[in-house]
Each structure stands twice: as C-alpha cells, then as structure tokens.
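Here is the structure we will look at, set down as structure tokens.
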Amino acid sequence: MGALYVKDDEAFRLAKELADKRGLTKTAAVKLALLNELAKDTPKPSVHEIVAELRRTSKFTYDPNIIIDKAFWDSLYEDDD
C-alpha cells in the first residue's frame, strides 16, 4: 500500500472540516473529495442520449392520442370494485 503525505496546513484544515461535516475520518474525506473531482471528468450523457436510451429500452410505447389531464390521472387511481 502506498502512502500520501501532505504537509500543508490549509489542506489539513480542509480535510478536517470536510471530515467533521460528513462524520468521516480525514482519510475518507480526502478520498471522497478526490473521487468527486475525478467524477467531474467523466462525460455525462446528454438529454437526447438519455431519451434515446429510454425509448430503446422501454417496453411502453408513446401514444400521441393520450391526453394527460386530471381525468387521466384519476383513471390511474380508480377502484375496479
């Protein structure tokens, strides 16, 4: 296992502040901060890509004739008694 030594008062203070706020150790706080920063570099899908994936994987089909109004929502909750 490698070691990381950071001899910087501000880095120590920030790690301690994050650790205290999150209830973590300073090591876990540093790991969390690093993971969050690295995640920012991961490309996020666009809305169009998400919609295309939902359409591709959905078992429901779009019906342009359905009007989503109060009557529609009420019909979802009607009892069949």
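Considering CZ of Phe72 and CD1 of Ile66, their distance stands at 6.0 Å, rounded to 0.5 Å.
Heavy atoms from other residues, nucleotides or ligands lying under 6.0 Å from CD1 of Ile67 number 12 at most.
Val30 pairs with exactly one of Thr27, Leu34, Leu32 by the side-chain contact (heavy atoms from CB on, under 4.5 Å) rule, that one being Leu34.
The two residues Leu18 and Ala33 make their nearest non-hydrogen contact at CD2-CB, 4.1 Å.
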Report all side-chain donor-acceptor pairs from residues 6-17 shorter than 3.5 Å, counting only partners two or more places apart or in another chain.
from  : atom 1 : to    : atom 2 : distance (Å)
Asp8  : OD1    : Glu10 : N      : 3.1
Asp8  : OD1    : Ala11 : N      : 2.7
Arg13 : NH1    : Glu17 : OE1    : 3.3
Lys16 : NZ     : Asp20 : OD2    : 2.9
Glu17 : OE2    : Lys21 : NZ     : 3.3

Side-chain atoms of residues 39-53: list all donor-acceptor pairs with protein atoms under 3.5 Å, sequence neighbours left out, distances to 0.1 Å.
from  : atom 1 : to    : atom 2 : distance (Å)
Lys40 : NZ     : Glu37 : OE2    : 2.8
Lys44 : NZ     : Ala39 : O      : 3.0
Lys44 : NZ     : Thr42 : O      : 3.2
Ser46 : OG     : His48 : N      : 3.4
Ser46 : OG     : Glu49 : N      : 3.1
Glu49 : OE1    : Ser46 : N      : 2.7
Glu53 : OE1    : Arg56 : NE     : 3.2
Glu53 : OE1    : Arg56 : NH2    : 3.3
Glu53 : OE2    : Arg56 : NH2    : 2.8

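Linking ILVMFWY side-chain heavy atoms closer than 4.5 Å, directly or via other members, places Leu35 and Leu4 in two distinct hydrophobic clusters.
Among residue pairs with one or both ends in residues 25-35, none qualify as salt bridge (Lys or Arg N to Asp or Glu O under 4.0 Å); sequence neighbours excluded.
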